[in-house]
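Excluded from the calculations below are hydrogen atoms, water molecules and symmetry mates; all remaining heavy atoms, backbone and side chain alike, are included.
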Amino acid sequence: MRQSYRHMAKCQIGDEQRSLGRWFVLSEFLRKESIGEFYFMDSDFLLFANLGEFETKWKDDEIIGTPLLWGFSFLRSPQPVHEFCQWVLELYQSDERREELRQKYAEQGSGLAEMGLMTEFFREAGLSIRNANWKNPEADPCFDEGFFGSSYRYHPQDFRQIRQPKSGGPVFYEREGVRRRLLGIHFIGHQKNQIPGFTGWTPAVVRSFFRPKYRRNLKWLLQYLWNGRICRARLARQSREDPASEK
C-alpha cells in the first residue's frame, strides 16, 4: 500500500498512512486466519455491555456501523474489507479518477482522507450498512461515533445529558425527553483522559503508564487521574439528579 499511496488528506502523511494502512493489515489478517464474522473497533472505542445479547437484532444485516466502519463495526463477512483495499489501490492507479475525487473534497473544504475514501467506496459499491449511530432514531441498540466521546470538552451541554450512576456500568443519554442506552462511546483525541471517569481504575491500567520514557508517561498518568476524577464526579452528580438513573 505504501508504494502506491498518494497523499490527498490535510493531516500529516504518516497519520493518514497509518489510518488507511490498518485496513490492509486487517485484510491480510482476516485471510490468514480464515475469519468469518467479526467486530472491528478503534482502540479508543469502549463498550459498556456484552453485545452477544443484541446480535439477534442484527440477524438480517450483513454490516453494522456507526456509520460505515468508523469507530465500531460488525461484519458477517470479511469481503467488504478486501474489496475496499482493492478499490483504494485501483484509485491510486487512476490519475483521472483520483484527481476527480480530490477536487470534489477540496471544494467541500476538506482533504480526501480515509473516511472520505470509505464513503466513496460504499457509495459506489452499493453495500447496505445498518446505521447503529445514536443519531439514527431507529438504531437499537445504539453507539457513539465520537460525539459524546468529545462532549466533555467540546460539547459540555451535551455531556450534561449523559448518565452513568456507577463506574463501568450502563451509560444512558437523554435528548429532547428521550432516554436511550449507549452501548459504546468513542473517545477521540485528548478526550481519552476522561476514560477513567467511565471505567474506573485497575492496577494493570496504572502499570501501563510505567514504561520507557516514564517521565512523559507519568505526566499523562497525572492528567488521566485529574480529568478522570472530575469526569466521574460530574457523571455521579448528573446521575443523582436524575431519578430514572437509579432504575
Side-chain angles (χ1 to χ4, degrees), residues 1-35 38-47 63-75 77-125 127 129 133 143-147 149-150 153-154 184-193 195 208-209 211-213 216-217 219-220 223:
M1 191 277 290
R2 286 183 178 270
Q3 294 178 344
S4 303
Y5 180 77
R6 300 291 185 274
H7 191 61
M8 297 176 285
K10 287 190 173 181
C11 63
Q12 200 271 339
I13 186 171
D15 292 340
E16 179 62 15
Q17 285 183 333
R18 284 188 290 272
S19 295
L20 190 58
R22 62 180 174 157
W23 297 104
F24 289 82
V25 174
L26 176 62
S27 176
E28 181 179 348
F29 177 78
L30 293 171
R31 291 185 191 277
K32 181 179 179 181
E33 301 298 328
S34 301
I35 292 176
F38 64 98
Y39 287 97
F40 188 67
M41 291 167 278
D42 282 13
S43 59
D44 49 8
F45 195 99
L46 270 61
L47 296 176
I63 308 174
I64 293 89
T66 59
L68 303 183
L69 308 185
W70 307 340
F72 169 88
S73 57
F74 177 61
L75 294 85
S77 164
Q79 196 59 32
V81 176
H82 302 325
E83 293 177 0
F84 172 64
C85 293
Q86 184 61 35
W87 182 88
V88 170
L89 292 177
E90 292 176 357
L91 176 68
Y92 285 159
Q93 295 168 6
S94 173
D95 294 339
E96 182 179 353
R97 176 62 176 143
R98 191 174 66 252
E99 177 59 23
E100 178 186 344
L101 284 182
R102 188 200 67 78
Q103 185 63 33
K104 172 183 176 180
Y105 280 77
E107 291 174 354
Q108 295 174 0
S110 63
L112 182 53
E114 170 215 13
M115 291 188 290
L117 291 169
M118 187 168 288
T119 298
E120 294 298 326
F121 162 71
F122 277 104
R123 183 183 61 79
E124 292 185 10
L127 297 176
I129 303 177
N133 190 294
F143 301 82
D144 169 48
E145 86 288 14
F147 180 85
S150 66
R153 179 178 180 183
Y154 297 111
I185 301 181
H186 192 185
F187 296 90
I188 55 179
H190 292 292
Q191 304 313 301
K192 295 177 182 58
N193 59 29
I195 286 177
S208 69
F209 286 88
R211 298 176 178 176
K213 300 182 180 179
R216 184 186 68 180
N217 290 337
K219 181 183 77 171
W220 288 113
Q223 288 188 10

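The two residues Glu145 and Pro67 come nearest to each other via the heavy atoms CB-CD, 4.4 Å. Contact detail for Glu16 and Glu114: the closest heavy-atom pair is OE2-N, 2.7 Å. When all heavy atoms of Ile63 and Pro80 are compared, the pair lying nearest together is CD1-CG, 3.8 Å.
Considering only residues two or more places apart in sequence or on other chains, Arg102 meets the salt bridge (charged side-chain N to carboxylate O under 4.0 Å, His left out) condition with Glu99. Take Glu33 and apply the side-chain hydrogen bond (donor to acceptor under 3.5 Å, both in side chains) test, not counting sequence neighbours, and it matches no residue. With sequence neighbours left out, Ser150 forms a side-chain hydrogen bond (donor to acceptor under 3.5 Å, both in side chains) with no residue at all. Not a single side-chain hydrogen bond (donor to acceptor under 3.5 Å, both in side chains) links Trp70 to another residue, sequence neighbours left out. Judged as a side-chain hydrogen bond (donor to acceptor under 3.5 Å, both in side chains), and not counting sequence neighbours, the contacts of Tyr39 are Glu55. Applying the side-chain contact (heavy atoms from CB on, under 4.5 Å) test to Pro78 and every residue at least two apart in sequence or in another chain returns Leu30, Phe38, His82. Considering only residues two or more places apart in sequence or on other chains, Arg98 meets the side-chain contact (heavy atoms from CB on, under 4.5 Å) condition with Arg6, Met8, Leu91, Tyr92, Asp95. Residues satisfying the side-chain contact (heavy atoms from CB on, under 4.5 Å) criterion with Glu100, sequence neighbours excluded, are Arg97. Every residue two or more places apart in sequence or in another chain that forms a ring-ring contact (aromatic ring centres under 6.0 Å, His included) with Phe209 is listed here: Tyr224. Partners of His186 under the ring-ring contact (aromatic ring centres under 6.0 Å, His included) rule, at least two apart in sequence or in another chain, are Phe45. Annotation: ring-ring contact (aromatic ring centres under 6.0 Å, His included) contacts of Phe147 (sequence neighbours excluded): Trp134, His155.
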Result block: side-chain N/O donor-acceptor pairs under 3.5 angstrom for residues 105-112, not counting sequence neighbours:
| residue | atom | partner | partner atom | Å |
| --- | --- | --- | --- | --- |
| Tyr105 | OH | Gly116 | O | 3.3 |
| Tyr105 | OH | Glu120 | OE2 | 3.0 |
| Ser110 | OG | Tyr105 | O | 3.4 |

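A distance of 11.5 Å separates CD1 in Ile35 from CG in Leu75, rounded to the nearest 0.5 Å. For the atom pair Asp44 CG and Phe187 CZ, the distance stands at 9.0 Å (nearest 0.5 Å). Remark: Trp220 CH2 to Asn193 CG distance equals 7.5 Å, nearest 0.5 Å. For the atom pair OG of Ser94 and CG of Leu101, the computed distance is 9.0 Å after rounding to the nearest 0.5 Å. Between atom CE of residue Met41 and atom CG of residue Leu69 there is a gap of 12.5 Å, rounded to the nearest 0.5 Å. Interatomic distance, Trp87 CH2 to Phe121 CZ, rounded to the nearest 0.5 Å: 8.5 Å.
Looking only at distances, no side-chain donor or acceptor of Ser27 sits under 3.5 Å from a matching main-chain atom of Trp23. Side-chain N or O atoms of Thr66 include none that pairs as donor or acceptor with a backbone N or O of Asn133 at under 3.5 Å.
Residues Leu20 and Phe84 meet the side-chain proximity criterion, which asks for heavy atoms closer than 4.5 Å. Looking at Ile64 and Ile129, their side chains never come closer than 4.5 Å, going by heavy atoms from C-beta outward. Val88 is listed as a side-chain neighbour of Phe24, based on a closest heavy-atom distance under 4.5 Å.
Crowding of Gln79 atom CD: a count of heavy atoms from other residues, nucleotides or ligands under 6.0 Å exceeding 12.
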Worksheet item: Please walk me through it: do Arg22 and Asp42 pass side chain to side chain contact (heavy atoms under 4.5 Å, CB included)?
Response: CA-CA 10 Å; Arg22 62 180 174 157; Asp42 282 13; 2.8 Å; yes
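In the model, Glu90 has a side-chain atom that pairs as donor or acceptor with a side-chain atom of Gln86 under 3.5 Å.
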